[in-house]
Amino acid sequence: MTRSTASVRGLVDRYIEATGRADLLLEIGTEEIPARFIDGALEGLAAAARGTFAEHGLEFGAVRTMGTPRRLALCVTDLRLRQEDRVTEVRGPSRQAAFDAEGRPTRAALGFARAQGVDVADLEVRSTPAGDYVFAVRREAGRPAAQVLAEGLPELVARLEFPRTMRWGRGDFAFVRPIHWVVALLGKDEVRFSVAGVASGRCSRGHRFLHPGPVEIDGPSAYVATMEAARVLVDPAARRERIRSQVEAAARAAGGRAAVDETLLTEVTHLVEWPEAVTGRFDEAFLDLPEAVLVTVMRHHQRYFPVVDEAGRLLPAFVTVANGIAGQAVRLGNEGVLRARLADARFFHDEDLKAPLAERVERLGEVGFVEGLGSMRDKVERVRTLARHLVEAAGHPDAAGLPAASGLPAVVDRAALLCKADLVTQMVRELPELEGVMGREYALKSGEDPAVAQAIFEHTLPRFAGDALPDSPAGTILALADKLDTVAACFAAGIRPTGSQDPYGLRRQALGVVQVLLKAGLPLDLADLVDRALAGFGPAAPNAEGTAPDREPDRASVRRDLLEFFSARLRTVLDEAGISYDVADAVLDRGPGAPVVTLARARALQEFKDRPAFADLKAAYIRVSGLGEKAPHARVAAERFTEPAERALWDAFQQAWAGGARALERGDYGAYLETMAALRPEVDRFFDGVLVMTDDPAVRENRLALLRRVLEAMNAVGHVGKLVGP
Amino acid sequence: MALSFQAVVQALDAFWAEQGCVIAQPYDVEVGAGTMNPATYLRALGPEPWRVAYVEPSRRPADGRYGENPNRLYQHNQYQVILKPSPPDVQELYLESLRRLGVNPLEHDIRFVEDNWEAPTLGAWGLGWEVWLDGLEITQFTYFQQVGGFDCRPVSAELTYGLERLAAYIQGKDNVFDIEWGHGITFGELFKGFEYEQSVYAFELADVASLRQWFEGFEREAVRCLDRGLVAPGYDYVLKCSHLFNLLDARGAVSVAERTRYLGRVRVIARRAAEAWLKQREDLGFPLLRRGDEAREAVPAAAERGEGA
């Protein structure tokens, strides 16, 4: 031990003694964990640690997790070295039942004491609001943290959850990958336990090749530095930034700049323990392949960062991040792999162009869509029908959202016919993530109208969270038609996303529908769209026995589920727009509606809640809703009014409605709500002066109808009863 | 001097034999992967320890490219290793085998990148990695979790080296047909003509009606054999069905719905073969369990590895 670590140890010892606290390190050493699991695993580790400490009454400072492909580490500061003492009190029988007249314990008291494991003489009498009772009080002295952790940490490891786990060797223990070592240190002391047949200790391991063999960790505070000396950067944030700066520097040296994709950066961070950027080049001749092909091959398949010039055009170079080993062999090897992949892509590209895109449409009959719902060719026809309807609906004066485009119906129909044709090209079979991109490319090269080509591409948007949305009118229509059809088809076939299971990406697609409608400003109602989409599946088909089953009730529940599904997606959009939960509840009360309108209503309500008039509206609503909610929907007959206050409310309401209806039509929901709030004095006078539930049924019914009418008007923007406050 | 293709095989044979593997031979029925050789598919089942290594010529009719594509083949060669139970140092053993081939991990970037394996026709799946050598996938590394629909207890580690890729890399060749097999004879000399002919057959000539008919016949024969508890001929017919399906698929003769049905039919008979094999071994009292004990006493070092986690 060097003098400096010795003196650090001395300091640490004194600190632990003085405070009764120490830092904790837990490192689980494994075979290579899938990159996509690591962030989740580290979050899970932190949460599980907090849970374990809380459960065992161990106070702690800060929890931090770190990790690499070969290790998950937990660092906790200032963990109390002893559990808090625990006092448990259990109430027993009442004082009268526990002691007889002479003050001797009864059988009830004896039984209770025995059951609680305390001496009967130690039972305590306490007064409670319900009278005097006996209590068994047990005081458990806190145990040393080291002891508690020796039991708690292996449980914690066993409880960690991963999307997929495996067994290995003869063992039954399931983990993300086999465990090879465990480091557990409380201060400088080892916490001894065993998990998956591996005994804990202070020995970690360094980089697989650069620092093979055991690495002794002195204590939690020495962890990061000790591992760095063993060629492992344990902190993902530090690794990420090192990779970023290395990649950027390498790209500059190659005469350009790096196109750093954050998703790829995250993945690469979790593929290496000791990053080393390596620059490679490829033949310039490949640059005439579509850029998306080059980028996909480099980024998705090889995890390379492409290099671009000032204008963002690809240069024939890439940067790869190796795990600690960089040199001539690594560069040459990677260049060779990329060369082979690009040669393949060139082959597919040239083969695909031997026939025009339109000739591939019929082959979609061989490509399955959703089990039981026919082929992609069938889907194309449904999308065409749905798109035709959407063009009409979008062109309707009520939905003048799309800019008028000449020839739009023809462009949409052609694009709808061709939009899936790239699925049967060699390039998309090999690189499925290029769906749409290749469709556009091949459409252009087949001489299709550029607007058709663009719509083919845009119909796939958005492909992932944060992706672009369609810009062109035809692309907008087609994106809606395709996604509506997919979501409706799956629901009709009984496929619903559950928990983390969503194999067809239905949540993303339904959210896409909402986002596209909002971006295009198309005030189309989702209830209508869902009906149109479901119509694409026709009346129930006869089953194998040749009888047509009655599926209509089924259809109604599919429709209801679909609307709920869209409401849930719209809710996330409202949430992101800063709409509070109660306002979202209020506007979604009657379903998702037209997202454009629903969002506008939500914004107006949110804003209105801060105005003084909100209190008036809410107060009036509360009075009206009591009877109005269950009142039947009926015509209000002015001739049946008997009291001035009811006539006054009716007159005021009619006047308010005349102006309010115009405000609603303009979309001026704020003005509308003000108008409704202004009814409060008449509402108050009505309830102060009129007995609604009078004996005369005709008068009573009429009053109820009036209340119902007023209530509905109040809820026109959003259900006022769902709004919290004032 | 870079290793020839046959020298790569010899080096791997020598290395894995030292690790206690039986050096088996390729199976003599067409297979799509080394996993389908009974030395893997059947032996991975049940509790008996097992270590085996062998080359498996693997036919993938749909991957044929008339011998024109430098990287794609109708038939490629896998080097297959099964270590059952998977030893704790299986990754180190694998890396050591690469060193034997002259691949120094201090000069090359070797990485284990997640890749999970599934063979729906075999009712088999496992978790593991593809191993990258300077960005090139050279090996599929899998911990079997299920085979034939049965949980693997113990778990086998399966290492599948892509021999052509590895040899091309070692020899610095861009084109698979330029690989030197041995004594100056190239891979192209040996196989290029076959690649062309098999591609013509698979894509253009194969008679769909006959293939379908044979599938039906072989499927019936598999069932008849397995009904009598005859695993070996029964499993042969399972493999033949699987290959016929691959041919039909390459020929473009299988629709989507049919595809699912064909795969399901192969899976059913493959599972029956697994079942029959397990029963047979159980009736024999799992003989290799006892042999395993003797081996452990005789070779303590190998026994250490055989213990598993």
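As a basis for the values below, the full set of heavy atoms in this structure was taken, side chains included, without hydrogen atoms, waters or symmetry mates.
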Using modelled atom types only, decide if a donor and an acceptor are shared between the side chain of A/Q302 and the backbone of B/G135 within a distance under 3.5 Å. yes

Is A/R208 close to chain B through its backbone or its side chain, or both, or neither, when contacts mean heavy atoms under 4.5 Å? side chain

Please state whether the side chain, the backbone, both or neither of A/H301 comes within less than 4.5 Å of a heavy atom of chain B. backbone

Under a 3.5 Å cutoff, is there a donor and acceptor pairing between the side chains of A/Q328 and B/E107? no

Per-residue contact mode, B/E137 against chain A (heavy atom under 4.5 angstrom): neither

By a 4.5 Å heavy-atom criterion (distance strictly below it), what part of B/F112 contacts chain A: side chain, backbone, both, or neither? both

Both conditions, 6.0 Å and 45 degrees, for the charged tip of A/R164 above the ring of B/W125: are they met here? yes

Heavy-atom distance under 4.5 Å to chain B: side chain of A/V198, backbone, both or neither? neither

Is it true that a side-chain atom of B/S86 and a backbone atom of A/W168 form a donor plus acceptor pair closer than 3.5 Å? no

Below 4.5 Å, heavy-atom pairs only: which of A/T165, A/D172, A/L338 has the largest tally toward chain B? A/D172

Working to the nearest 0.5 angstrom, can you tell me the gap between A/R331 CZ and B/D109 CG? 14.5 Å

Separation between CG of B/N69 and CZ of A/F347, rounded to the nearest 0.5 Å: 6.0 Å

Side chain, backbone, both or neither: which part of B/P70 has a non-hydrogen atom closer than 4.5 Å to chain A? neither

Give the intermediate values and the outcome of side chain to side chain contact (heavy atoms under 4.5 Å, CB included) for residues B/W129 and A/R177. CA-CA 11 Å; B/W129 312 273; A/R177 286 295 182 273; 3.7 Å; yes

Max heavy-atom pair count under 4.5 Å with chain B, selected residue of A/L210, A/V278, A/V321: A/V321

Pick one of side chain, backbone, both or neither for B/L95, based on which atoms fall under 4.5 Å of a heavy atom in chain A. side chain

Mind checking whether A/R167 and B/D151 have side chains closer than 4.5 Å, heavy atoms only? yes

Distance col, row B/E114:CD vs A/L271:CG, nearest 0.5 angstrom, shows 10.0 Å

Engaged part of B/N116 at the chain A interface, taking heavy atoms whose separation is under 4.5 Å: side chain

Under 4.5 Å from any heavy atom of chain A, what part of B/R72 do you find: side chain, backbone, both or neither? side chain

